[in-house]
Amino acid sequence: MNKENWLKKGYADEAVDKGIDLRKEIKKLCKEKNAVILGHFYQADEIQEIADFIGDSLALAQWAAKTSADIIIMCGVHFMGETAKILCPDKKVLIPDLNAGCSLADSCPADEFARFVNEHPGYKVISYVNTSAAVKAVTDVVVTSTNARQIVESFPKDQKLIFGPDKNLGNYINSITGRDMLLWNGACHVHEKFSVEKILELKKQYPDAQVLVHPECKGAVAKLADKVASTAGLLKFAMQSDNKNFIVATESGILYEMKKKCPGKNFIPAPPEDSTCTCNECNFMRLNTLEKLYNTLKFEWPEVQVDQEIAEKAIKPIEKMLEISAKLGL
């Protein structure tokens, strides 16, 4: 065991016996330690297969808030672990790899965002959940792509609003609510890359296909959509649709759950602008592996920590989001 090496690498870098059944051992450790595995829709199939609960950012936050487990293993990215820790300060929150960050969260440094907020007195601040705890600490209410529209509409129409960090989601919400929110100039590296031309090419191959688009995509891509929604919303739409073919413009990890819940239907990943790729994956999400998950449980490291002063401020907008979502039945 070389903890100095762990710190350098950001995960428990220990050799795993090739002869063990990782899935069986992970489940055994979870039972022994009263641990629960939460997995995002964008995780690799092997992680989704073993997770106790799979969901989008809103669902993972809701699940973390109510779990009775002593240990939460967040198989997603770092801000999701922070959110779980803020909601469950007395629980141990682990993440398989500390390097699992988020390009969208990184596009909104806390000090710069705080300065931006201070330059616009009289504005209420709405922050997307894909942000650091420090950004949430200068926020009035947090939103996810599932509840963003409803929470924005809960403010009086004459209320000035700042929305950050995703400009594409913010523009989409502005377009469907008639608002004129002031937007931070941030974006997700995965959703920014989808190609209008390649989606149109796929439509020629599958003329009856419905196009499913995440609102973090650029406006030109959203205009091609039969449905714009969060990952959970796109999954629900696909389950309820009578259509057989779907072109999916979001991180390709969601296809695992779509195929699982919709046997017999065909889900085609929308390609990014890079012609060498046939689907679009988040490199950060894919850093989590079964081996890292096993070591995380075994050694109970890396543990997610949030500064207490920041956590005390950040929990208020998160709880407000959960409260509004509960009232709206989301």
Side-chain angles (χ1 to χ4, degrees), residues 56-58 60-62 64-65 74 76-89 93 95 98 100-174 177 179-189 215-216 230 284 304-326:
D56 61 4
S57 297
L58 174 61
L60 294 180
Q62 291 170 326
M74 181 60 72
V77 292
H78 193 264
F79 78 79
M80 297 176 184
E82 282 190 331
T83 301
K85 184 63 178 179
I86 291 166
L87 288 167
C88 310
V93 177
I95 185 168
L98 285 173
C102 171
S103 61
L104 180 53
D106 290 344
S107 74
C108 188
D111 57 344
E112 294 180 23
F113 189 71
R115 186 161 56 249
F116 181 72
V117 169
N118 288 333
E119 289 170 353
H120 296 89
Y123 282 73
K124 293 292 186 180
V125 182
I126 301 174
S127 289
Y128 197 25
V129 70
N130 299 45
T131 50
S132 67
V135 168
K136 292 180 176 73
V138 295
T139 295
D140 291 294
V141 62
V142 171
V143 299
T144 71
S145 50
T146 297
N147 58 27
R149 175 178 184 167
Q150 292 89 338
I151 290 178
V152 168
E153 289 181 329
S154 72
F155 285 91
K157 289 185 178 180
D158 59 351
Q159 174 63 59
K160 294 180 179 179
L161 301 173
I162 287 174
F163 186 93
D166 193 283
K167 62 183 179 182
N168 293 319
L169 176 59
N171 275 320
Y172 175 71
I173 298 300
N174 274 342
T177 62
R179 300 285 178 134
D180 186 25
M181 296 186 294
L182 186 59
L183 307 181
W184 178 264
N185 188 27
C188 165
H189 79 285
E216 287 178 33
S230 66
F284 294 117
V304 177
Q305 300 284 3
V306 180
D307 177 84
Q308 185 176 349
E309 184 178 350
I310 289 175
E312 288 173 356
K313 294 176 180 177
I315 194 169
K316 295 175 183 178
I318 296 172
E319 287 183 334
K320 187 171 182 180
M321 173 190 74
L322 295 176
E323 178 185 342
I324 295 172
S325 295

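- Atom CE in Met321 sits 11.5 Å away from atom OG1 in Thr139 (nearest 0.5 Å).
- In this structure, Asn171 and Leu183 have side chains that are in contact, with non-hydrogen atoms separated by less than 4.5 Å.
- Among all heavy-atom pairs drawn from Ser127 and Val135, the shortest one is OG-CG1, 3.8 Å.
- Looking only at side-chain heavy atoms (C-beta outward), Phe113 and Val125 come within less than 4.5 Å of each other.
- Partner Asn147 forms a side chain to side chain donor-acceptor pair (under 3.5 Å) with one of Ser325, Ser154, Ser57 and no other, that one being Ser325.
- Among Val143, Asn174, Leu182, the single residue meeting the side-chain contact (heavy atoms from CB on, under 4.5 Å) criterion with Phe163 is Val143.
- At a cut-off of 3.5 Å, with distance as the only test, a side-chain donor of Asp56 or Thr146 sits close to an acceptor on the other residue.
- In this structure, NE2 on His78 lies 11.5 Å from CE on Met74, to the nearest 0.5 angstrom.
- At most 12 heavy atoms of other shown residues, nucleotides or ligands fall within 6.0 angstrom of atom CD in Gln308.
- Of all heavy-atom pairs between Leu322 and Ala65, the closest is CD1-CB, 4.4 Å.
- Taking CD1 of Ile310 as the start and CD1 of Ile315 as the end, the distance is 14.0 Å to the nearest 0.5 Å.
- Residue Cys188 comes nearest to Leu104 through the heavy atom pair N-CD1, 4.0 Å, listed as atom of the first residue, atom of the second, then distance.
- Here the side chain of Gln305 pairs no donor or acceptor atom with the backbone of Val93 at under 3.5 angstrom.
- Counting only distance, with no hydrogens or angles, the side chain of Lys136 and the backbone of Val129 share a donor-acceptor pair below 3.5 Å.
- Nearest heavy atoms, Leu87 versus Ala61: CD1-O, 3.5 Å.
- Contact check for Ile173 versus Arg179: no side-chain heavy atoms found under the 4.5 Å cut-off.
- In this structure, Ile95 and Met80 have side chains that are not in contact, with every pair of non-hydrogen atoms separated by 4.5 Å or more.
- What you find for Thr131 and Glu82 is that their closest heavy atoms are O-OE1, 4.4 Å.
- Considering NZ of Lys313 and CD1 of Ile86, their distance stands at 12.5 Å, rounded to 0.5 Å.
- Note that CD of Glu216 is 11.0 Å distant from NE2 of His189, once rounded to the nearest 0.5 Å.
- Inter-residue side-chain proximity for Ile126 and Val152 is flagged as met; some heavy-atom pair is nearer than 4.5 Å.
- A donor-acceptor pair under 3.5 Å links the side-chain atoms of Trp184 to the main chain of Ser107, judged by distance alone.
- In this structure, the separation between CG on Asn185 and NZ on Lys167 is 4.5 Å, given to the nearest 0.5 Å.
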Glu112 vs Phe116, side chain to side chain contact (heavy atoms under 4.5 Å, CB included): CA-CA, chis, key distance, verdict: CA-CA 6 Å; Glu112 294 180 23; Phe116 181 72; over 6 Å; no
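- Within 6.0 Å of CG on Asn118 lie more than 12 heavy atoms contributed by other residues, nucleotides or ligands.
- In this structure the side chain of Gln150 never reaches within 4.5 angstrom of the side chain of Ile324, judged on heavy atoms.
- Contact of the Lys320 side chain with the Val142 side chain is not registered, since no non-hydrogen atoms from C-beta on lie closer than 4.5 Å.
- The shortest heavy-atom contact between Tyr128 and Ser145 is CE1-N, 3.4 Å.
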